[in-house]
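As structure tokens, the structure follows; a few thoughts come after it.
The analysis underlying the following values was restricted to heavy atoms, covering all of them including side chains, and did not include hydrogens, waters or symmetry mates.
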Amino acid sequence: MKRYTVLSLFFLCILIGVFFNSCNHNVTNDPIPSQVIKKVDSLHTYYDIASDNSNAKEKRLKAINNFLQGARKLEMDSLRHKGLSLYAKLLNKYKGPQKAIDQSYVLLQLSQQNKDSVYIGKAYYRLGFYNKKLDNFLEAFGFYNQSFKIRRNLKDSINAGKCLMAMSNIQRILADHNASKTTATDGLKYIENSDQYKTICGLHQNISIAFKELGNYNQALLWNNKIMDVTKDSIARKKIGINNLPIFENTRANILAKQKKYQESIDILQSLLKDENVIKKRTRYAQILNNLGYIKFLQNPKNVESETMLLEALSIRQQEKSLLGLFASNIYLAKYYRNKDLGKAKHHAHESYQSIKNFGDYEGLLEVLTLITELDPKSLEDHQRFKEASLKLMELRKKTREIYAPTRFENENLLKENAEKNRKISEVRNENTIYLLGILLLVTGIGFIIYFFKQQMHYLNQQNKIIQFEASYETETRISKQLHDELGNDIFQVMMQYQNDPHDSQIKDKLNTTYLKARDISRENNEFETGETYPEELNNMLKNYTQNGIQLIAIGFDRIDWDEMDKTIKITVYRVLQELMTNMQKHSQASLVKLRFSNPNDTLTINYSDNGVGVTEEHVQSKNGLRNTENRIRAIQGTLIFDSEKGKGFKAEIQIPN
């Protein structure tokens with residue numbers, strides 16, 4: 001009893017709340033003045049200009065400034081949020097990340113004042129993105145983490161997953177592969193069942209690379225296979241971007257090379273070099289060519305092609321001024337010359353160091369310093385550089401883990417809380433089951449009544465299906481008989497005539513006659529449209545029978561609203577009229593056919609008459625085709641009445657309720 005009292009109070013509160021809300025709505029939600037609407041529309045014109053990549057830099061920056069000034073005057077913070085977000089992107093593109101960071105702080109401050117969590121999350125993400133471009137990895141990681149927590153709490157799982165991918169990328173750059181793998185795995189929990197294929201593949205890629213760098217090549221290949229499975233889908237490929245697909249193939253080749261499956265790796269890279277998307281992007285082409293040259297060297301250190309490929313890749317990267325590319329080319333050349341020409345090996349190792357020293361890629365920095373100290377063990381300066389880079393890298397790894405560890409703990413607690421909530425929900429459901437059983441008993445009683453009613457309806461439907469089946473069976477029988485009697489015998493006669501005299505000139509004429517009969521049978525039983533073009537289809541079918549001097553008069557055809565007709569009625573009308581016209585053409589010797597269409601009292605009525613020889617009632621009953629039309633009409637609760645006498649033409653009236 002207490003439960004029912006609580007439920008009653010609950011619903012009463014809802015009704016009161018709805019009442020007051022409607023009152024408040026009527027009081028406060030006044031229409032926006034048309035003048036303000038015009039100003040907002042005008043501002044959006046500026047926003048569109050600023051968003052258009054085809055516009056010049058000055059035009060875009062001027063447009064976004066005008067948009068922000070107008071939004072400030074109108075005191076519309078929602079527009080200011082939108083404008084500041086775009087302004088930061090434009091500043092990053094045209095004036096560098098630092099300017100974009102300054103503007104992102106303005107967006108963050110405004111969003112916090114307005115307690116707009118969506119734009120707070122966006123501002124933090126932008127701050128992370130621009131700091132990463134400046135190699136401020138620790139700051140970037142912290143901002144991404146703040147954005148993640150906000151979006152997680154908003155249940156914005158897609159953007160939460162993107163934040164975790166950005167954090168995993170930073171951990172990969174810092175060579176903290178275990179942490180990168182963990183963060184990427186967490187990211188998949190948020191988006192693995194979504195259509196965010198690009199982010200999903202990015203997370204799989206980070207996990208695959210982490211396993212490769214940790215020496216677990218089988219797991220690395222397994223996660224790369226997951227990417228390959230996703231990219232088999234054409235929609236997924238489009239969302240990922242065709243230009244990004246070679247990245248995953250290149251990673252696969254590197255994993256296979258680590259497994260010493262050199263030929264498989266070489267086959268993939270050689271195939272990529274023929275890809276038009278790779279050829280167009282010179283930096284990507286140089287990357288794959290460089291990998292191919294080095295893996296060929298690993299397969300056979302005496303391979304003369306390797307040096308040529310490595311030097312060509314270096315030349316392309318020098319032209320493109322790609323610092324990371326120059327690092328990779330020079331370090332491979334240093335390894336190539338290591339046991340061939342020590343002077344060249346040292347030269348390329350130091351060139352590689354110069355490319356990477358200010359880039360922020362600590363993993364690459366440690367790799368090249370390790371190689372330099374091995375080539376020149378006596379260089380104390382290089383040993384000191386290695387030590388400093390190693391300590392810096394360890395410090396950054398430690399701090400990123402410290403940033404994410406509390407957040408991860410929060411995630412686990414949230415999962416536990418959700419599990420506890422689900423447990424309580426289950427308990428409530430079990431209690432409700434008892435109450436539902438009582439309701440079920442009541443419903444069962446009603447169900448018995450409905451059951452008997454449905455049984456009656458089922459019987460009627462079965463009768464209709466029997467009628468429809470008979471109509472279909474008679475149609476099939478008629479077609480079969482036509483094929484046997486009209487075509488089979490003709491073809492057999494032509495075959496016998498050909499055996500007797502292959503050069504008989506009449507064979508060609510008989511074959512043509514047989515073809516025309518086959519075409520007529522096909523025309524009588526072809527498919528047709530029942531949609532918007534149905535009236536045209538029906539009209540064309542009727543006109544096909546007006547050859548050989550037969551005149552057709554159709555009255556009221558255009559006044560019927562065929563679009564409102566049920567599909568089954570359209571099909572029945574088409575086939576019944578087709579049968580009547582076929583019967584007329586073959587047997588009636590008529591020169592005039594009149595059809596009158598009307599729709600009184602929502603009943604489609606079609607009156608058919610011709611001036612042919614007519615038939616007796618016994619003849620009508622013996623005709624399979626005419627019996628078939630009756631079955632079709634009966635199947636949709638319609639009626640068909642024939643009226644004919646020998647020598648007085650043929651009449652029929654069709655009535656179908658619609």
Next item on the list: Apply the test side-chain hydrogen bond (donor to acceptor under 3.5 Å, both in side chains) to residues R317 and S329: give CA-CA distance (whole Å), side-chain angles for both, the deciding distance (0.1 Å), then the verdict.
Entry: CA-CA 8 Å; R317 284 164 160 171; S329 278; 2.8 Å; yes

Checklist line | S265 vs L269, side-chain contact (heavy atoms from CB on, under 4.5 Å): CA-CA, chis, key distance, verdict | finding: CA-CA 6 Å; S265 176; L269 295 172; 4.1 Å; yes

Note to self: One pair to check against side-chain contact (heavy atoms from CB on, under 4.5 Å): K212 and Q219. What are the steps and the verdict?
What the structure shows: CA-CA 8 Å; K212 176 175 75 73; Q219 280 294 314; over 6 Å; no

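Summarising the geometry of L61 relative to Y87, their closest heavy-atom pair is CD2-CE1, 4.3 Å, with the distance given to 0.1 Å. Across every non-hydrogen atom of K93 and N53, the tightest pair is NZ-OD1, 4.1 Å.
Under a 3.5 Å cut-off, the side chain of R397 and the backbone N or O of L174 do form a donor-acceptor pair. Between the R284 side chain and the N243 main chain, a donor and an acceptor come within less than 3.5 Å of each other. Judged purely by atom type and a 3.5 angstrom limit, N206 has no side-chain atom pairing as donor or acceptor with the backbone of A184. Although no hydrogens or angles enter the test, the distance criterion places a donor-acceptor pair under 3.5 Å between the side chain of Y144 and the main chain of F129.
Side-chain contact annotation: T400 with Q171, donor-acceptor N/O pair under 3.5 Å absent. Defined by atom type and a distance below 3.5 Å, a donor-acceptor pair is present between the side-chain atoms of Y94 and R60.
In this structure, L256 and Y217 have side chains that are not in contact, with every pair of non-hydrogen atoms separated by 4.5 Å or more. Within the 4.5 Å cutoff, the side chain of R385 has heavy atoms near those of the Y353 side chain.
With L79 as the fixed residue, the side chain to side chain contact (heavy atoms under 4.5 Å, CB included) test singles out one of L68, L43, L84: L43.
Within 6.0 Å of CD on Q109 lie no more than 12 heavy atoms contributed by other residues, nucleotides or ligands.
Ring geometry for W223 against F211 counts as parallel: the plane angle stays under 30°, on a 0 to 90° scale with 60° as the upper cut.
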